[in-house]
Amino acid sequence: MKTLLDQVNEGDLPRHIAIIMDGNGRWAKARGLPRTAGHQAGALAAERLIRFVGARISIPYITLFAFSSENWDRPQTEVSYLMNLLADFIRSKLAEFVEAGIQLRVIGDLGRVPDTLRQEVESAVAATAANDRLRLTIALSYGARQELAAAAQRIAREAAEGRLEPGQVDERAIADRLETSGIPDPDLVIRTSGEERLSNFLLWQAAYAELCFTDVLWPDFTPAELVRCVAIYQARQRRFGLVEEGAR
Ligand code: FPP
């Protein structure tokens, strides 16, 4: 019997997939439902994806863009709904994460999120710190430019204090001061809902990532769609700015 994974080469899977989960609002609108119903369905899609990756496919790093720095400008009711949804999600999934060997990490400006959500994040991050089967990063109140500006501030401070020479500020020095330090760069970035932009997501880290844009709205995103994106990734030839092998 053919299984989903027959479509991909399991010896050449991306190590890190980062996903821009877009289209919750349109999914709800198409059903005459409030936008919040779209976010609720989006949380179920995230749960389905995490379960699949945690149990069925060897992809050790997943990053999900759950809330951007710019999303704070949405209507207050929607922002509060999303904050509560994320807190409920983390609280209700914690035991499963521990059981399944999933490590949770969060990147973004947690200083802006409500105390209840921050506390859920902090306890889940601490409770799963030793897990290593799947490292799940949730980008929350995250913006790549803000992350880069914060790294630049750290570098400037260290230089002003005499701990860093200007000549030492190389790519490694910058990467080490990003919130993703220790996480490999994404090999594949997926965006759902037909939009073809990075929207301030992992701008430094995705420099050489393959991009997969799918028309599927996030609440409809299934493991089969993930596998389809992985097959597209595998059909591409990553050259990292070099020439094709044998083409010298
Ligand atoms: C984009 O859809 C989605 C968001 C801003 C929120 C993403 C949040 C979730 C998927 C739910 C919870 C996530 C986790 C990890 C549990 P949109 O509202 O911009 O949709 P639209 O472009 O159709 O309006």
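In listed order, ligands and their atoms are each counted from 1.
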(request) Please check if any side-chain donor atom of E120 sits under 3.5 Å from a side-chain acceptor atom of T116, or the reverse. (result) no

(request) Determine whether I19 and L49 make a side-chain contact, defined as any pair of heavy atoms from C-beta on separated by less than 4.5 Å. (result) yes

(message) Can you name the atoms of ligand 1, numbered from 1 with element, that are less than 4.0 Å from a heavy atom of H39?
(response) 11 (C), 18 (O)

(request) Please indicate whether E171 has more than 12 foreign heavy atoms, meaning atoms of other residues, nucleotides or ligands, lying under 6.0 Å from its CD. (result) no

(request) With heavy atoms of D22 as the reference, note each atom of ligand 1 found under 4.0 Å away. (result) 1 (C), 2 (O), 17 (P), 19 (O), 20 (O), 22 (O)

(request) Would you mind listing which atoms of ligand 1 come within a distance below 4.0 Å of any non-hydrogen atom of N71? (result) 5 (C)

(request) Decide whether an N or O pair under 3.5 Å exists between F65 and ligand 1. (result) no

(message) Does only the side chain of K29 get under 4.0 Å from ligand 1, or the backbone, or both, or neither? Count heavy atoms.
(response) neither

(request) Could you verify whether a donor N or O on one side chain and an acceptor N or O on the other, from N71 and E78, lie under 3.5 Å apart? (result) no

(message) To check your reading of the model: name the closest protein heavy atom to atom 22 (O) of ligand 1, its residue, and the distance in Å.
(response) R26 NH2, 2.9 Å

(request) Would you check the N or O atoms of W218, main chain and side chain alike, for any that come under 3.5 Å of an N or O of ligand 1? (result) no

(request) Check each atom of ligand 1 against the heavy atoms of G25 and keep those under 4.0 Å away; list them by number with element. (result) 17 (P), 18 (O), 20 (O), 21 (P), 23 (O), 24 (O)

(request) Could you verify whether a donor N or O on one side chain and an acceptor N or O on the other, from Q7 and Q234, lie under 3.5 Å apart? (result) no

(request) Evaluate the side-chain proximity of E210 to P14: yes if any heavy-atom separation is below 4.5 Å, no if none is. (result) no

(message) Does any N or O of ligand 1 fall below 3.5 Å from an N or O anywhere on W27, backbone included?
(response) no

(request) Compute whether any side-chain donor of one residue and acceptor of the other, for S199 and R191, lie under 3.5 angstrom apart. (result) yes

(message) Give me the nearest non-hydrogen protein atom to atom 19 (O) of ligand 1 as residue plus atom name, then the distance to 0.1 Å.
(response) R74 NH2, 2.8 Å

(request) Give me the ring orientation class for F89 and F97: parallel if the planes are under 30° apart, tilted from 30 to 60°, perpendicular past 60°. (result) perpendicular

(request) Any chance you could lay out the side chain to side chain donor-acceptor pair (under 3.5 Å) test for N131 and T128, step after step, and finish with the verdict? (result) CA-CA 5 Å; N131 291 350; T128 61; 5.2 Å; no

(request) May I ask you to identify the nearest protein heavy atom to atom 9 (C) of ligand 1, giving residue, atom name and distance to one decimal place in Å? (result) N24 ND2, 3.6 Å

(request) Look at atom 1 (C) of ligand 1 and say which protein heavy atom is nearest, naming residue and atom and giving the distance to 0.1 Å. (result) M21 O, 3.2 Å

(message) When you compare the side chain of R112 with that of F67, does any pair of heavy atoms fall below 4.5 Å?
(response) no

(message) Considering non-hydrogen atoms of the protein only, which is the closest contact for atom 8 (C) of ligand 1, and what is the distance?
(response) A66 O, 3.6 Å

(request) Among all protein heavy atoms, pick out the one at the shortest distance from atom 14 (C) of ligand 1; state its residue, atom name and that distance to 0.1 Å. (result) L86 CD2, 3.8 Å

(message) Looking at W72, I'd like to know if the NZ or CZ of R74 sits under 6.0 Å from its six-membered ring centre while staying within 45 degrees of the ring's axis.
(response) no

(message) Please list the nearest protein heavy atom to atom 24 (O) of ligand 1 with its residue and the distance rounded to 0.1 Å.
(response) R35 NH1, 3.0 Å

(request) Would you mind finding which of F89, Y81, F67 brings a heavy atom closest to atom 16 (C) of ligand 1? (result) F89

(request) Check whether any heavy atom of G23 sits under 4.0 Å from an atom of ligand 1. (result) yes

